[in-house]
Novice: 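There's a structure below that I have some questions on.
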Amino acid sequence: MNMFDCVIVGGGSAGLSASLTLGRARRKIAVFDDGTNRNRVTQQSHGYLTRDGITPQAFKETGLKELNKYPSISYFHSTITEIINKCSGEYFIVKTSDGQEFYAEKLMLATGIQEEFSIPSVREFYGQSLFSCPYCDGWELRDQPIIIIAEKDEHVMHMVKLVYNWTNDVAVLTNGVELSKETVQKLQKRNIIIKSEYIKNLIGQNGDLKKIEFESGEIMIRSGGFVVPTYYRPHQFVEQLACQVDKDGTVVTDGAGRTTTRNVYIAGETQKLGATSLIIAAADGQKAAFSVNHDLVMERF
Ligand SMILES: Cc1cc2nc3c(=O)[nH]c(=O)nc-3n(C[C@H](O)[C@H](O)[C@H](O)COP(=O)(O)OP(=O)(O)OC[C@H]3O[C@@H](n4cnc5c(N)ncnc54)[C@H](O)[C@@H]3O)c2cc1C
């Protein structure tokens with residue numbers, strides 16, 4: 001049986017960072033990635049010290065080049081479809097979409113999250129002129145007239161307060177939802193435009209938003225902004241492996257990547273089911289890798 005010390009499912013920032021740490025710790029690992037990292041739609045990644053402005057593709061290629069130096073790391077461009085927990089975490093069988101099987105003593109989930117939008121045409125502009133993270137792309141939209149598409153009071157207020165320091169020319173679009181009186185008053189005090197009408201269409205070219213068409217036929221000219229998506233895990237591994245999840249959907253850990261299921265670790269955005277950043281995911285990956293290596297040391301020494 002070809003047994004790996006650890007299989008890492010997901011080679012984004014978290015998974016690659018965990019791989020680097022485990023490879024340097026001379027652990028035999030396999031990392032699987034199918035290229036569905038949610039930031040693949042964007043042109044530039046910002047805020048990662050020493051890599052500000054790098055493309056997601058170059059970020060991944062640089063990471064893989066660094067992993068290449070360590071012979072105990074195997075990288076596979078493929079999709080994991082099934083993980084079987086054998087003998088209560090004694091080992092794991094990991095299956096790929098092309099029918100291959102791999103065996104691992106430890107398993108790390110670093111599969112990220114994905115977004116869902118209530119207005120499907122947001123996808124055409126997402127990563128180019130519409131974004132979800134002001135820390136990632138607020139600087140690029142500074143002082144511009146922007147939209148915020150959000151449908152819940154708390155999401156609207158959170159996003160407005162956050163972006164206000166980048167630009168105070170903000171139009172809030174709630175796509176058919178009426179905000180509470182209190183929220184409306186707070187926004188009006190800051191001269192923020194509120195449109196609760198349904199959005200009929202987002203219009204633009206090559207990812208660049210030009211205007212928004214409402215159900216009434218009214219047109220608003222705006223070239224960018226922020227949306228509040230709903231996030232989900234792109235798989236059922238957490239459930240299948242019976243990892244405990246709290247009421248917010250966060251996978252319960254010991255704070256260092258160990259889940260409640262024996263020998264299952266988790267890192268990056270998939271743990272909290274919420275958006276963070278490349279550098280936070282990388283740090284998470286390293287932290288979880290420390291735990292994997294620590295546990296192997298303790299079990300084997
Ligand atoms: C439009 C946009 C712009 C962004 N801009 C920035 C920015 O400027 N700066 C910044 O710091 N952050 C930015 N982010 C956020 C950043 O992309 C995430 O915080 C980061 O990628 C999270 O890392 P992760 O490793 O947890 O997940 P990911 O990077 O999403 O990696 C998860 C990986 O798991 C793989 N995977 C999932 N399921 C399977 C499976 N079953 N089998 C095999 N592989 C699988 C996927 O292929 C993916 O590569 C942006 C995000 C978006 C959407």
Side-chain angles (χ1 to χ4, degrees), residues 7-20 30-61 63-64 75-83 94-98 100 102 107-117 122-141 207 224-238 240-241 251 257 265-289:
V7 157
I8 299 173
V9 187
S13 192
L16 292 182
S17 167
S19 303
L20 181 61
V31 53
F32 295 86
D33 191 82
D34 63 5
T36 54
N37 42 305
R38 67 187 188 92
N39 69 338
R40 67 193 184 283
V41 295
T42 199
Q43 311 296 311
Q44 290 193 334
S45 298
H46 303 109
Y48 194 115
L49 189 65
T50 76
R51 293 289 177 271
D52 190 40
I54 194 168
T55 65
Q57 184 63 24
F59 183 85
K60 200 162 248 188
E61 281 167 10
L64 289 176
Y75 176 83
F76 300 90
H77 182 79
S78 68
T79 303
I80 299 301
T81 50
E82 196 182 349
I83 302 170
V94 176
K95 297 189 180 183
T96 64
S97 56
D98 54 2
Q100 294 189 71
F102 297 82
L107 184 94
M108 190 186 298
L109 297 176
T111 44
I113 49 175
Q114 296 293 331
E115 308 90 343
E116 229 168 36
F117 301 105
V122 164
R123 271 273 162 228
E124 291 171 38
F125 305 97
Y126 192 55
Q128 175 90 11
S129 52
L130 291 178
F131 306 93
S132 52
C133 164
Y135 291 104
C136 301
D137 300 289
W139 173 260
E140 283 62 38
L141 296 180
F226 294 95
V227 286
V228 179
T230 305
Y231 296 107
Y232 64 95
R233 289 187 185 92
H235 56 74
Q236 296 293 309
F237 300 144
V238 164
Q240 284 165 12
L241 293 164
V251 174
Y265 304 74
I266 196 162
E269 291 185 334
T270 206
Q271 190 235 326
K272 291 221 170 68
L273 191 53
T276 57
S277 72
L278 289 163
I279 206 161
I280 291 175
D284 259 13
Q286 189 176 52
K287 204 196 284 183

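Predicted, not measured: the structure shown is a model, and the values here were computed from it. In listed order, ligands and their atoms are each counted from 1.
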Novice: Of all the heavy atoms in G47, does at least one lie under 4.0 Å from an atom in ligand 1?
Specialist: no
Novice: Checking the N or O distance criterion of under 3.5 Å, is ligand 1 in contact with G35?
Specialist: yes
Novice: Taking only heavy atoms of T276 into account, list the atoms of ligand 1 that are under 4.0 Å away from them.
Specialist: 19 (O)
Novice: Give me the residue, atom name and distance of the protein heavy atom closest to atom 25 (O) of ligand 1.
Specialist: A14 N, 2.9 Å
Novice: With heavy atoms of G268 as the reference, note each atom of ligand 1 found under 4.0 Å away.
Specialist: 26 (O)
Novice: With a 4.0 Å cut-off on heavy atoms, is Y48 touching ligand 1?
Specialist: no
Novice: Counting from 1, what ligand 1 atoms have a heavy atom of G12 closer than 4.0 Å?
Specialist: 25 (O), 29 (O), 31 (O), 33 (C)
Novice: Can you tell me if Y126 contacts ligand 1 (heavy atom of the residue under 4.0 Å from the ligand)?
Specialist: yes
Novice: Considering heavy atoms of the protein only, find what lies nearest to atom 38 (N) of ligand 1 and give residue, atom and distance to 0.1 Å.
Specialist: T111 CG2, 3.5 Å
Novice: Go through ligand 1 atom by atom and flag the ones less than 4.0 Å from a non-hydrogen atom of G127.
Specialist: 1 (C)
Novice: On the 0 to 90° scale, with breaks at 30° and 60°, tag the Y48-F59 ring pair as parallel, tilted or perpendicular.
Specialist: perpendicular
Novice: When you measure from atom 34 (O) of ligand 1 to every protein heavy atom, which one gives the shortest distance, and what is it?
Specialist: G10 CA, 3.2 Å
Novice: Is there a polar contact, in the sense of an N or O pair closer than 3.5 Å, between E269 and ligand 1?
Specialist: yes
Novice: With backbone taken as N, CA, C and O and side chain as the heavy atoms from C-beta onward, which portion of F237 lies under 4.0 Å from ligand 1: side chain, backbone, both, or neither?
Specialist: side chain
Novice: Take every heavy atom of Y135, measure it against each atom of ligand 1, and state whether any distance is under 4.0 Å.
Specialist: no
Novice: Starting from atom 13 (C) of ligand 1, what is the nearest protein heavy atom, named by residue and atom, and what distance separates them?
Specialist: C136 SG, 3.3 Å
Novice: Hey, does T36 come in under 3.5 Å of ligand 1, counting only N/O atoms on both sides?
Specialist: yes
Novice: So if I count the atoms of ligand 1 from 1 in the order they appear, which ones are less than 4.0 Å from some heavy atom of S277?
Specialist: 11 (O), 12 (N), 19 (O)
Novice: Is there at least one pair of N or O atoms, one from H235 and one from ligand 1, spaced under 3.5 Å apart?
Specialist: no
Novice: Mark up the atoms of ligand 1 that fall under 4.0 Å of a heavy atom belonging to F32, in ascending order.
Specialist: 43 (C), 44 (N)
Novice: Looking only at N/O atoms, are T42 and ligand 1 under 3.5 Å apart anywhere?
Specialist: no
Novice: Which residue supplies the protein heavy atom nearest to atom 15 (C) of ligand 1, what is that atom called, and how far is it?
Specialist: R38 NH2, 3.8 Å
Novice: Would you say K60 touches ligand 1, if touching means a heavy atom closer than 4.0 Å?
Specialist: yes
Novice: Step through the shown structure and confirm whether more than 12 heavy atoms of other residues, nucleotides or ligands are within 6.0 Å of NZ on K60.
Specialist: yes
Novice: At under 4.0 Å between heavy atoms, which part of E115 makes contact with ligand 1: side chain, backbone, both or neither?
Specialist: side chain
Novice: Atom 27 (O) of ligand 1: which protein heavy atom is closest, and how many Å away?
Specialist: G112 CA, 3.5 Å
Novice: Could you check whether any heavy atom of A110 sits closer than 4.0 Å to an atom of ligand 1, since that is the contact criterion I want to use?
Specialist: yes
Novice: Taking N or O atoms only and a 3.5 Å limit, does I279 qualify as a polar contact for ligand 1?
Specialist: no
Novice: Could you check atom 43 (C) of ligand 1 against the protein and tell me its nearest heavy-atom contact, residue, atom and distance included?
Specialist: S78 O, 3.3 Å
Novice: With atoms numbered from 1 as shown, which atoms in ligand 1 lie under 4.0 angstrom from a non-hydrogen atom of L278?
Specialist: 10 (C), 11 (O), 12 (N), 19 (O), 20 (C), 21 (O)
Novice: So for ligand 1, is D33 a polar contact partner (N or O within less than 3.5 Å, distance only)?
Specialist: yes
Novice: Quick one: does ligand 1 sit under 4.0 Å from the side chain of A281, the backbone, both or neither, non-hydrogen atoms only?
Specialist: side chain
Novice: How close does the nearest protein non-hydrogen atom get to atom 50 (C) of ligand 1, and which residue and atom is it?
Specialist: N39 CB, 3.8 Å
Novice: Geometry only, no angles: is T270 polar-contacting ligand 1 at N/O separations under 3.5 Å?
Specialist: no
